[in-house]
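See below for the structure under consideration.
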There are 2 protein chains.
Amino acid sequence: MKTLSDRQQRILSFIRDFLEEKDYPPTIRDILKACQISSTSVVDYNLDVLEREGYIRRDAEVSRGIELQDRRRRRERLVPVPVIGRIAAGEPIPVPAPDNWSMLAAAEVVELSQELTRGQEKVYALRVKGTSLVDALIDDGDIVLMQYVTAAENGELVAVWLKAEGEVTLKRFYREPGRIRLQPANSQMQPIYAEPANVEVQGKVIAVVRQLG
Amino acid sequence: MKTLSDRQQRILSFIRDFLEEKDYPPTIRDILKACQISSTSVVDYNLDVLEREGYIRRDAEVSRGIELQDRRRRRERLVPVPVIGRIAAGEPIPVPAPDNWSMLAAAEVVELSQELTRGQEKVYALRVKGTSLVDALIDDGDIVLMQYVTAAENGELVAVWLKAEGEVTLKRFYREPGRIRLQPANSQMQPIYAEPANVEVQGKVIAVVRQLG
DNA sequence: TGCGTTATAGAACAGGCGTTCGAAACATGA
DNA sequence: TCATGTTTCGAACGCCTGTTCTATAACGCA
């Protein structure tokens, strides 16, 4: 990647500013005026250089057919995550049905990088209420990122739906002979034992986010 | 906000898909072909409706002058945060100089919503090494979001630079008569006492992010 | 039935816009 | 100094593109 000329850098940053303001790319003549160039062919020439050097991508014969490469890369790393409610001991989670996943209406949406969600699909978020998870280093008010799964490995922190009781809690999951042990992360609380038929896994915790004052 | 007609919804989602793929808006005739409309005036008509209803914004007499409103809102809520290194007891943090903030080259960048960073400027991130912060509910491997500040309130979790020792640690900050107490979050560790002249605050923790296996 | 509103359609206009070509200025290096 | 490649310039071509005008239904409402 060669070093850009002064004029090329000005063009590049103008395109960036233009996109920031308008959300669509400038025309060649927009660039011409902004960078005080006297001919469209000069702009065309320098845009070709910028494309050859990998800074932009051009679509031939298309008005405003300019795309910033780093902008595209950044956009592709982002995932919108719906925050769909709160969780606390004894309160049900309104877990979305897995079918209408894309169109769910969440009051809050957090955009996170794919590094955080590990590129997983079916990710949602819950706000934790109470200190029942302090031993899992999860505090009151934390946001837990959940992935929708229906099966869990031993020791994983999962949201489980207890059918008979009609409630959902966040516990560590252990499959034992003839029963399932749901271990609270808080050591002062007792484990819950449940029959396998009564337990429905609704998701596992894949990340924790906390904001401090 | 009235309910959109079938055709208007198709137009809206086509614009969205087009932007997703190309990163610049479609022309009226692009929409015409994609939505099987037989006249440009019909597209124009429906775009006007979409603008009146607040879904898009149009720039008059400008090719591809269409902007999705939610796209703009989303973009403005995002902030790129550089992950600039690791922190552990006895290791220095490479805190960036506050002057060349915008142009720093970080190995890793996390994009976060402004809700997370609280819209603050000068935010960076550190990866935590070791369990010295377990009592602050911060685990080994967690990412702490830091805001660059040079002064701290009592009790805040801050990164401090000990000039004489030439090292940086993450501790709770307490100003005491004639000295500063740096309290480890881990209760098994002893506090450090330092002279005020020897202490330089380099940032405070504003959020914690953890990924689980 | 008549009337205003909404939605669709076709066509044409005028300026927008990317492209191309010839020429010249400029820098680089043998 | 000459040759070569880079960069700039002005102008013109021709398709692209938003706009506008007129016409035609479809629909609700009185």
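Letters A, B, ... mirror the listed sequences (proteins, then strands); counts begin at 1. Here the structure is a predicted model, which is why all the values come from computation and not from measurement.
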TODO: For DNA chain C, find the residues of residues 38-48 of chain B with a heavy-atom distance under 4.0 Å and give them by number; none if there aren't any.
DONE: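 Heavy-atom contacts with DNA chain C come from B:Ser38, B:Ser39, B:Thr40, B:Ser41, B:Val42, B:Tyr45, B:Asn46.
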What's the [atom1]-[atom2] distance between [X] and [N], to the nearest Å?
| X | N | atom1 | atom2 | answer |
| --- | --- | --- | --- | --- |
| A:Ile31 | D:dT8 | CD1 | P | 14 Å |
| A:Tyr24 | D:dG18 | OH | C1' | 12 Å |
| B:Gln36 | C:dT8 | CD | C1' | 15 Å |
| A:Gln9 | D:dT7 | CD | P | 14 Å |
| B:Ile28 | D:dT20 | CD1 | P | 11 Å |
| A:Arg52 | D:dG5 | CZ | P | 14 Å |
| A:Arg7 | C:dA27 | CZ | P | 14 Å |
| A:Ile66 | C:dC17 | CD1 | P | 12 Å |

Nearest 0.5 angstrom please: [X] [atom1] to [Y] [atom2], how far?
| X | Y | atom1 | atom2 | result |
| --- | --- | --- | --- | --- |
| B:Met146 | B:Leu170 | CE | CG | 5.5 Å |
| A:Glu156 | A:Gln147 | CD | CD | 9.5 Å |
| B:Asp23 | A:Glu67 | CG | CD | 4.5 Å |
| B:Phe14 | B:Asp30 | CZ | CG | 5.5 Å |
| A:Cys35 | A:Asn46 | SG | CG | 9.0 Å |
| A:Arg64 | A:Tyr24 | CZ | OH | 5.5 Å |

Task: Short side-chain N/O contact from B:Arg58 to OP1 or OP2 of D:dT19, under 4.0 Å - done: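 Yes, B:Arg58 has a side-chain N/O under 4.0 Å of OP1/OP2 on D:dT19.
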- [ ] Verify the contact: side-chain N or O of B:Ser63 to OP1 or OP2 of C:dC17, cut-off strictly under 4.0 Å; return yes or no.
- [x]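 Yes, because at least one side-chain N or O of B:Ser63 sits under 4.0 Å from OP1 or OP2 of C:dC17.
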Open item on the list: Report for the helix from C:dT1-D:dA30 to C:dA30-D:dT1: angle between first-end and last-end helix axes, five pairs each, rounded to 10 degrees.
Closed with: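 What I find for the helix from C:dT1-D:dA30 to C:dA30-D:dT1 is an axis angle of 20°.
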- [ ] Please tell me which of A:Val49 and B:Asp59 maps to the more 5' nucleotide of DNA chain D, matching each residue to the nucleotide holding its nearest heavy atom.
- [x]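 Result of the comparison: A:Val49.
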Task: Counterpart residues, salt bridge (Lys or Arg N to Asp or Glu O under 4.0 Å), relative to B:Arg58 (two or more places apart) - done: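 Residues passing salt bridge (Lys or Arg N to Asp or Glu O under 4.0 Å) with B:Arg58: B:Asp44, B:Asp48.
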- [ ] Using heavy atoms to find the nearest nucleotide of DNA chain C for A:Ala60 and B:Gln8 separately, return the residue whose nucleotide is more 5′.
- [x]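 Whichever sits nearer the 5' end wins; that is B:Gln8.
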Open item on the list: Among D:dT8, D:dT19, C:dT19, which nucleotide has an atom closest to any side-chain atom of A:Arg29?
Closed with: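 Of all the options, the side chain of A:Arg29 is nearest to C:dT19.
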- [ ] Among B:Asp142, B:Val144, B:Ile143, find the one that has a side chain to side chain contact (heavy atoms under 4.5 Å, CB included) with B:Leu126.
- [x]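 The option that passes is B:Val144.
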Task: Any side-chain heavy-atom pair of A:Arg210 and B:Ile138 under 4.5 Å - done: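 Yes; the side chains approach each other to less than 4.5 Å.
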